[in-house]
A.B. asks: 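Right, I'll just put the structure down here and ask away after.
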Amino acid sequence: MQVASVKQVLAGGIPTGSKVEVRGWVRTRRDSKAGISFVQLSDGSCQGTLQVVAPNTLPNYQTEVLRLTAGASAIARGTLVQSQGKGQALEIQADAIVVCGLVDDPETYPIQPKEHSLEFLREQAHLRPRTNTFGAVARIRHTAMCAIHDFFTQEGFVWVNTPIVTTSDAEGAGQLFRVSTLDVHNLPRDDRGKIDWKQDFFGRETFLTVSGQLNVEAYCLALSKVYTFGPTFRAENSNTTRHLAEFWMIEPEIAFADLKDNADLAERFLKHIFRAVLRERRDDLQFCDDRLQKGVIARLEKFLDASFERVDYGDAIGMLQKSGRKFDYAPQWGMDLQTEHERCLCEDLFGRPVVVMNYPEAIKAFYMRSNEDGRTVAAMDVLAPGIGEIIGGSQREERLPVLDARMKKMGLVPEHYGWYRDLRRYGSVPHAGFGLGFERLLVYICGLSNIRDAIPYPRAPGSAAF
RNA sequence: UCCUCGAUAGCUCAGUCGGUAGAGCAGGUGACUGUUAAUCACCGGGUCGUAGGUUCAAGUCCUACUCGAGGAGCCA
């Protein structure tokens with residue numbers, strides 16, 4: 001007997017009249033006095049469920065089938081037929097139902113056939129993948145991940161796996177998670193009473209990565225087109241709907257390229273992903289559109305048709321000033337864009353994603369390339385409606401004297417960046433790259449309102465359950 | 001970390017002026033039915049987040065704490 005997924009069956013991949021076996025978890029059971037029960041089965045292969053018709057002549061009908069409740073697992077074997085009822089095209093007339101696992105206390109099984117709040121489901125992280133919402137998000141997440149690798153492969157990129165354990169804060173900002181095997185109750189001390197990191201596992205202080213960028217630049221200046229895609233850790237005490245302590249980041253880096261090439265890449269990249277999820281996850285997106293946020297499909301389709309809006313930082317400040325809107329912080333050249341400014345730009349003034357380019361030097365990282373005007377750097381942020389900053393990137397400073405001067409200006413010691421400076425000494429070329437928070441992308445695609453619902457097991461300050 | 005709001009049945013919520021708790025869904029039982037978030041009837045289900053305080057009396061007022069949500073900062 002052929003084993004089939006619910007997706008295969010619903011897609012018409014199995015001829016009616018044939019014997020099939022379907023395995024999954026019960027969503028609901030309805031009993032009819034006609035001597036049959038209807039069991040709605042889901043196996044996570046798609047948004048839909050399959051109706052299994054169980055006659056009371058099954059040997060385990062009284063003892064097991066009637067005890068199936070939401071969440072129970074079962075294997076159904078029978079004939080695939082045109083449904084005799086309304087509401088679905090196909091159903092399985094069961095010859096046998098094997099109950100794998102009943103729900104031992106149906107009253108307290110948290111996932112019920114009704115709408116649950118996302119906050120409640122967050123506390124049920126091990127069971128929430130059984131809901132339509134988290135099934136959809138999980139499948140879209142997978143498709144988006146594959147699409148990212150597809151895109152880079154097609155464009156000739158090489159995926160570079162930068163280290164998770166690192167020795168310094170790549171960007172000179174952000175709180176790091178310490179990695180240590182020292183006994184925290186009995187730390188070794190040196191002569192001056194300071195912690196003796198030489199005795200730690202790596203012989204020095206180590207942390208979880210906050211970015212693979214610096215490491216991947218070395219591979220960029222050898223393989224020309226590279227990207228990282230892996231987990232990233234930030235210990236910032238950020239309690240918002242768009243921050244995680246552990247998230248997945250994509251960081252492409254391209255050689256012989258400037259900021260414009262970088263923005264072009266970001267646009268092609270996002271469009272490729274959106275095209276893939278629209279093509280391969282239409283039913284899941286439709287669910288998101290119906291239940292999470294109206295219009296997510298139209299938003300993605302519009303994204304594919306229109307080009308990114310590009311605006312110079314200085315012009316953006318001017319537009320904000322002329323907009324006549326009241327801001328808590330008045331827009332002013334030299335200050336970073338506040339969340340309220342970013343929202344105004346992409347949601348009100350442009351109504352679509354915006355690339356803001358060429359920020360003041362003082363508010364950006366040391367590795368970003370100085371522009372000719374002497375006061376801005378070749379940095380860019382891609383702002384998306386509803387989320388704000390989704391991509392941050394820049395052209396990198398490839399001129400060693402300029403890089404050294406910039407580091408000193410920012411209080412950094414060039415000698416601490418020996419290998420990074422080497423890249424500018426040995427065959428330096430203009431290069432650029434950006435970082436994309438994968439979960440932020442999912443929030444945008446699915447129309448989620450909290451990033452903690454975009455990752456299976458969210459890690460945030462004070463929260464690492466499951 | 002700061003600001004605001006919240007915590008009542010397994011879930012979603014109501015609870016008036018302070019007078020010792022309600023509904024829907026879910027669960028159980030029964031009726032009915034090729035059903036489909038079925039429908040109808042009945043039943044069980046609560047230390048009102050925790051600890052104090054005010055009061056004859058606290059779900060309700062006050063204080064602290066815990067947890068959650070939204071916003072801000074930081075960022076992807």
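Reckoned from all heavy atoms, side chains included, excluding hydrogens, waters and symmetry mates. In what follows, chains carry the letters A, B, and so on, assigned in the order in which the sequence lines appear, proteins first and then strands, with residues in each chain numbered from 1.
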A.B. asks: Roughly how many Å apart are B:C43 and B:A9, using the C1' atom of each and rounding to a whole number?
C.D. replies: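 Those two atoms are separated by 15 Å.
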
A.B. asks: Would you mind telling me which of B:U12, B:C74, B:U1 lies closest to the side-chain atoms of A:Asn239?
C.D. replies: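 Given the options B:U12, B:C74, B:U1, the side chain of A:Asn239 is closest to B:U1.
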
A.B. asks: Heavy atoms only, 4.0 Å cut-off, all strands: where does A:Glu246 land among base, sugar-phosphate and nothing?
C.D. replies: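 Nothing: the residue A:Glu246, judged by heavy atoms under 4.0 Å, touches no strand.
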
A.B. asks: Has the side chain of A:Gln40 got a donor or acceptor that lies under 3.5 Å from a partner of the other kind on the base of B:U35?
C.D. replies: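 Flag unset: no donor-acceptor pair detected.
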
A.B. asks: Of all the choices, B:G68, B:U1, B:U35, which nucleotide is nearest to the side chain of A:Glu119 once you look at every atom?
C.D. replies: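 Among the listed nucleotides, the one closest to the side chain of A:Glu119 is B:G68.
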
A.B. asks: Pick base, sugar-phosphate or nothing for A:Ile391, based on heavy-atom distances below 4.0 Å to the nucleic acid.
C.D. replies: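 Sugar-phosphate, no base atom in range.
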
A.B. asks: What contact category does A:Gly392 fall into here, base, sugar-phosphate, or nothing, at under 4.0 angstrom with non-hydrogen atoms?
C.D. replies: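 Result for A:Gly392 = sugar-phosphate.
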
A.B. asks: Remember a base hit wins even if backbone is also touched, and classify A:Glu340 as base, sugar-phosphate or nothing at under 4.0 Å, heavy atoms.
C.D. replies: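 Answer is nothing: A:Glu340 stays at 4.0 Å or more from every strand.
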
A.B. asks: Using the C1' atoms only, state how far B:G68 lies from B:A31, rounded to an integer number of Å.
C.D. replies: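 About 43 Å, rounded to a whole number of Å.
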
A.B. asks: State plainly whether the residues A:Glu21 and A:Arg77 are in salt-bridge range, i.e. N to O under 4.0 Å.
C.D. replies: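 Salt bridge present between A:Glu21 and A:Arg77.
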
A.B. asks: Evaluate side chain to side chain donor-acceptor pair (under 3.5 Å) for A:Gln8 paired with A:Ser45, printing each intermediate quantity in order.
C.D. replies: CA-CA 9 Å; A:Gln8 282 177 290; A:Ser45 60; over 6 Å; no

A.B. asks: Can you tell me, in whole Å, how much space there is between the P of B:C65 and that of B:A72?
C.D. replies: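 Going atom to atom, P in each nucleotide, I get 25 Å.
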
A.B. asks: Are A:Asn237 and B:G73 close enough that a side-chain N or O sits under 4.0 Å from OP1 or OP2?
C.D. replies: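 No, outside the criterion.
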
A.B. asks: Could you work out which one of B:G70, B:A76, B:C75 sits closest to the side chain of A:Glu342?
C.D. replies: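 Nearest nucleotide to the side chain: B:C75.
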
A.B. asks: Please tell me whether A:Arg396 and A:Ser394 have a donor and an acceptor in their side chains that are separated by less than 3.5 angstrom.
C.D. replies: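 The answer is yes; a qualifying pair exists.
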
A.B. asks: Check the phosphate of B:A69 against A:Arg122, side-chain N and O only, distance under 4.0 Å to OP1 or OP2. Yes or no?
C.D. replies: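 So the side-chain polar atoms of A:Arg122 do come within 4.0 Å of the phosphate oxygens OP1 or OP2 of B:A69, strictly under.
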
A.B. asks: In whole Å, what separates the P atom of B:C25 from that of B:U63?
C.D. replies: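 It works out to 39 Å between them.
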
A.B. asks: State the CE-CG distance between A:Met249 and A:Leu436, to the nearest 0.5 angstrom.
C.D. replies: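 Spacing of CE (A:Met249) from CG (A:Leu436) equals 9.0 Å.
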
A.B. asks: For B:U35, take OP1 and OP2 only and decide whether either is under 4.0 Å from a side-chain N or O of A:Gln51.
C.D. replies: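 No, A:Gln51 has no side-chain N/O under 4.0 Å of OP1/OP2 on B:U35.
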
A.B. asks: Taking 4.0 Å as the cut-off, does a side-chain nitrogen or oxygen of A:Ser37 come that near to OP1 or OP2 on B:U35?
C.D. replies: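 No, A:Ser37 has no side-chain N/O under 4.0 Å of OP1/OP2 on B:U35.
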
A.B. asks: Between the base of B:G34 and the side chain of A:Gln93, is there a donor and acceptor pair under 3.5 angstrom?
C.D. replies: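 Side chain to base: pair found, below 3.5 Å.
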
A.B. asks: For B:C2 and B:C48, measure between their P atoms and round to the nearest Å.
C.D. replies: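 Taking atom P in both B:C2 and B:C48, they lie 30 Å apart.
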
A.B. asks: Look through every strand shown and name the nucleotide pairing with B:U66 as Watson-Crick or G-U wobble, where both distances are under 3.5 Å.
C.D. replies: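 Its partner is B:A7 (Watson-Crick or G-U wobble, both distances under 3.5 Å).
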
A.B. asks: For the P atoms, the ones on B:U50 and on B:U8, what distance do you get once it is rounded to whole angstrom?
C.D. replies: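 My reading of the P atoms in B:U50 and B:U8 gives 10 Å.
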
A.B. asks: NA contact type, A:Phe247, heavy-atom cut-off 4.0 Å: base, sugar-phosphate, or nothing?
C.D. replies: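 Base contact.
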
A.B. asks: Could you give the distance separating B:C17 and B:G73 at their C1' atoms, to the nearest angstrom?
C.D. replies: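 42 Å, rounded to whole Å.
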
A.B. asks: Would you tell me if any nitrogen or oxygen in the side chain of A:Thr240 comes within less than 4.0 Å of OP1 or OP2 on B:C75?
C.D. replies: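 For A:Thr240, the contact criterion (side-chain N or O under 4.0 Å from OP1 or OP2 of B:C75) is not met.
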
A.B. asks: May I ask you to verify whether the side chain of A:His116 and the base of B:C11 hold a donor-acceptor pair under 3.5 Å?
C.D. replies: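 There is none.
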
A.B. asks: Can you tell which of A:Arg30, A:Arg29, A:Arg27 makes a side chain to side chain donor-acceptor pair (under 3.5 Å) with A:Gln40?
C.D. replies: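 Exactly one option meets the side chain to side chain donor-acceptor pair (under 3.5 Å) with A:Gln40, and it is A:Arg30.
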
A.B. asks: Using the six-membered ring for Trp and the full ring for Phe, Tyr or His, decide whether A:Tyr109 stacks on the six-membered base ring of B:G10 (centres under 5.5 Å, planes under 30°).
C.D. replies: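 The ring of A:Tyr109 is not stacked on B:G10.
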
A.B. asks: Go through the steps for A:His149 and A:Tyr227 under the test side-chain contact (heavy atoms from CB on, under 4.5 Å), then give the verdict.
C.D. replies: CA-CA 9 Å; A:His149 289 303; A:Tyr227 69 105; 2.5 Å; yes

A.B. asks: So does A:Ser32 get a side-chain nitrogen or oxygen closer than 4.0 Å to the phosphate oxygens (OP1/OP2) of B:G34?
C.D. replies: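 So the side-chain polar atoms of A:Ser32 do come within 4.0 Å of the phosphate oxygens OP1 or OP2 of B:G34, strictly under.
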
A.B. asks: Of all the choices, B:G71, B:C74, B:A76, which nucleotide is nearest to the side chain of A:Arg242 once you look at every atom?
C.D. replies: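 The listed nucleotide nearest to A:Arg242's side chain is B:C74.
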
A.B. asks: Between B:G10 and B:G44, how far apart are the two C1' atoms, rounded to whole Å?
C.D. replies: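 Their C1' atoms lie roughly 13 Å apart.
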
A.B. asks: Please lay out, stage by stage, how A:Thr28 and A:Phe38 fare under the test side-chain contact (heavy atoms from CB on, under 4.5 Å).
C.D. replies: CA-CA 8 Å; A:Thr28 61; A:Phe38 301 91; over 6 Å; no

A.B. asks: If you compare every side-chain N and O of A:Arg452 against the phosphate oxygens of B:A69 (OP1, OP2), does one of them come in below 4.0 Å?
C.D. replies: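 So the side chain of A:Arg452 is within the cut-off, an N or O lying under 4.0 Å from OP1 or OP2 of B:A69.
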
A.B. asks: Heavy atoms only, 4.0 Å cut-off, all strands: where does A:Ser117 land among base, sugar-phosphate and nothing?
C.D. replies: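 Sugar-phosphate contact only - A:Ser117 comes under 4.0 Å of backbone atoms but never of a base.
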
A.B. asks: Would one find a side-chain N or O of A:Thr28 under 4.0 angstrom from OP1 or OP2 of B:A37?
C.D. replies: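 For B:A37, neither OP1 nor OP2 has a side-chain N or O of A:Thr28 closer than 4.0 Å.
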
